[in-house]
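The basis for the numbers below is simple: all heavy atoms, side chains too, and nothing from hydrogens, waters or symmetry mates.
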Amino acid sequence: METESEPYVRLASLRQLHQVMADMNTARSLADTLQTVADGVVTALGYELACVNLVRPDGDLVVAAFSGNPAAEALITGRVGSRASWERRLSMGEQWGDLVFIPHTEGWVLDDDDVPQWYTEGPAPRFEDEWHPSDRLFAPMYAPGAQGGAASGELIGVLSVDRPRNGRRPGAWGREALQMYAFQAAIAISNARLRANMQRALVRLEREQQALRASEESFRQAFEYAPSGMAIAEMGGDQHGRILRTNDALCRLLGRPASAMRRYSFSDLVHPEDIGTLLRTSAEGGRAELRLGRRDGSYVWVSLRNSVVADAADGPRFLLTHVEDIEERKRRELQLAHRASHDSLTGLPNSAELRSRLSARLCQRPQSGPYDSHDAAYGPAGYEPGHAFDFPPGAGDGYDVYDHHVHTVAPEGDHDDGTKGLAVLFCDLDGFKSINDRFGHNAGDAVLIEVARRLSNGVRDGDTVARLGGDEFVILADGLGRADAQDLAVRLRNEIIQPIRAEGRAVRVGASFGIGWAHCGMTADEVLKSADERMYVEKRSRPKQHRRAG
């Protein structure tokens, strides 16, 4: 494009411009696109120098590409000009459509701003349209979709051009060509940015997928090879709580294959007494200690710890449960609790446990009147309609219901009046001291162990046999009438007086029983004292030779 006076544009020039635009849109990277834009100004539009100033995210413009002069390229590439200085330049001079031309007569005021620029030397213009070395020509580039001017679109960069090869300021055709070229360059740069962003996004996505795959693999290995049990269960929906996946440790702990575990939920496996504990366990971060059923029908104590696995779109989806075997710890705890509440020699409940069980049945509230049909219809005093209230069998027979508590009532008088209550049988062995003195404490211990066994075998399930201390035992038998309690004492005495094998010899002891009755308003010590006193009355009332058989 050597002259603006030609009535037509040479075909070779059009082909060259077309090739440059094709190269701009096929460049492999944003940096290649920017350099192609700068090179195209020199090769296709007939300028000796071209610079691409690209808008950065902070708004300032950086020299991103330069063409035409390697020395100038090395000098200013990468330097930054402030947005304010560029806006000043684009607002002054002559407006040639979207182009801005600042003649050398005005450009001197820009010599001290911070926009990177180069200086060329040459003689002063000899005629009006000759290019001066200090002339400046800018072609702003706007985002695609902006039509005609800075006011109608976002600025993405500025093309700076210098020294047309023909030495003349561009005419109408040259200006139009530069303006169209800037428009196409803006499209190419925007597309290159999109491609770069997509490539970065793809790289980031691939890295995230690799990290996810690595994380999933790490989780799988941690899940599968964890030394303690792990399970994943469904959350929500019809299958809430159903076990989806278990690891080998949990399958071994419960003796169930993984395929069988998927047919259950934890509520199907938990011990019936621990269902409430499971239901009270929070899904998120909940902990519980309960028993799970093994395949052989036995149960194992475990600690459950839950955590929720959430889906970004659907929220909580799965429940990850860590199952730790605490059977040994629970066994030790139960052993310690048993030792604290039971006699070490006989294994019977000790004095403290006896008093605890007895106190649990008693209260210090005053007794109300007899149970009658009004109570059956409307509930006892203090009972509110709608509240669950369980009356024991024969509630009017030995019990008084008051304020949600079943009162323990003792039979009255010395004869059986049909009232059934909580009998307290105080047992003291007769002749035990002589066995200790004659045969030693080992023989005495053997006697106590055997007496404890015979007493335990002689009472009903649910009754309590306790060793109060020394050779004293106490039996708590609920729901007995006076005659029933006396018959029980006779049967137990007959069992005790049978010969006992101790230290290789047969020995015999007798037993004295005192029958007391517990009722609310008494303390546990008062009940035991009453039974103890009756035992001594019974012991003194019998001839000495009858207290011990042999």
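- Other residues, nucleotides and ligands contribute at most 12 non-hydrogen atoms within 6.0 Å of the CZ atom of Arg207.
- Remark: Arg245 fails to qualify as a cation-pi partner of Phe318 under the 6.0 Å distance and 45° angle criteria applied to the six-membered ring.
- Sorted by first and then second residue, the pairs that involve residues 326-347 and meet ring-ring contact (aromatic ring centres under 6.0 Å, His included), not counting sequence neighbours, are His338-His342.
- The closest side-chain donor-acceptor pair between Thr523 and Asp525, if any, does not fall under 3.5 angstrom.
- The pair Glu217-Arg220 meets the salt-bridge criterion, with a side-chain N (NZ, NE, NH1 or NH2) lying under 4.0 Å from an Asp/Glu carboxylate O.
- Salt-bridge annotation for Glu353 and Arg467: absent, with no side-chain N of the basic residue lying under 4.0 Å from a carboxylate O of the acidic one.
- Under the 4.0 Å criterion applied to side-chain N and carboxylate O atoms, Lys420 and Asp484 are assigned as salt-bridge partners.
- Using modelled atom types, one finds a donor on one side chain and an acceptor on the other under 3.5 Å when comparing Ser265 with Asp268.
- When atom types are taken as modelled, the side chain of Asn350 and the backbone of Asp343 share no donor-acceptor pair closer than 3.5 angstrom.
- Here Lys529 does not pair with Glu526 in a salt bridge; the nearest charged N to carboxylate O distance is not below 4.0 Å.
- Partners of Asp60 under the side chain to side chain contact (heavy atoms under 4.5 Å, CB included) rule, at least two apart in sequence or in another chain, are Arg56, Asp58, Val80, Ser82, Arg83.
- Comment: Glu450 does not engage Arg501 in a salt bridge, judged by the lack of any side-chain N to carboxylate O separation of less than 4.0 angstrom.
- For the residue pair Asp428 / Ser512, no side-chain donor-acceptor distance below 3.5 Å is found, with atom types taken as modelled.
- Listed by first and then second residue, the ring-ring contact (aromatic ring centres under 6.0 Å, His included) pairs involving residues 437-476 amount to none (not counting sequence neighbours).
- A salt bridge between Glu538 and Arg534 is absent, with no side-chain N of the basic residue lying under 4.0 Å from a carboxylate O of the acidic one.
- Between Glu327 and Arg332 there is no salt bridge, since none of the side-chain N atoms of the basic residue sits less than 4.0 Å from a carboxylate O of the acidic one.
- Look at Arg491 and Glu495 and you find no salt bridge, because none of the NZ, NE, NH1 or NH2 atoms lies under 4.0 Å from a carboxylate O.
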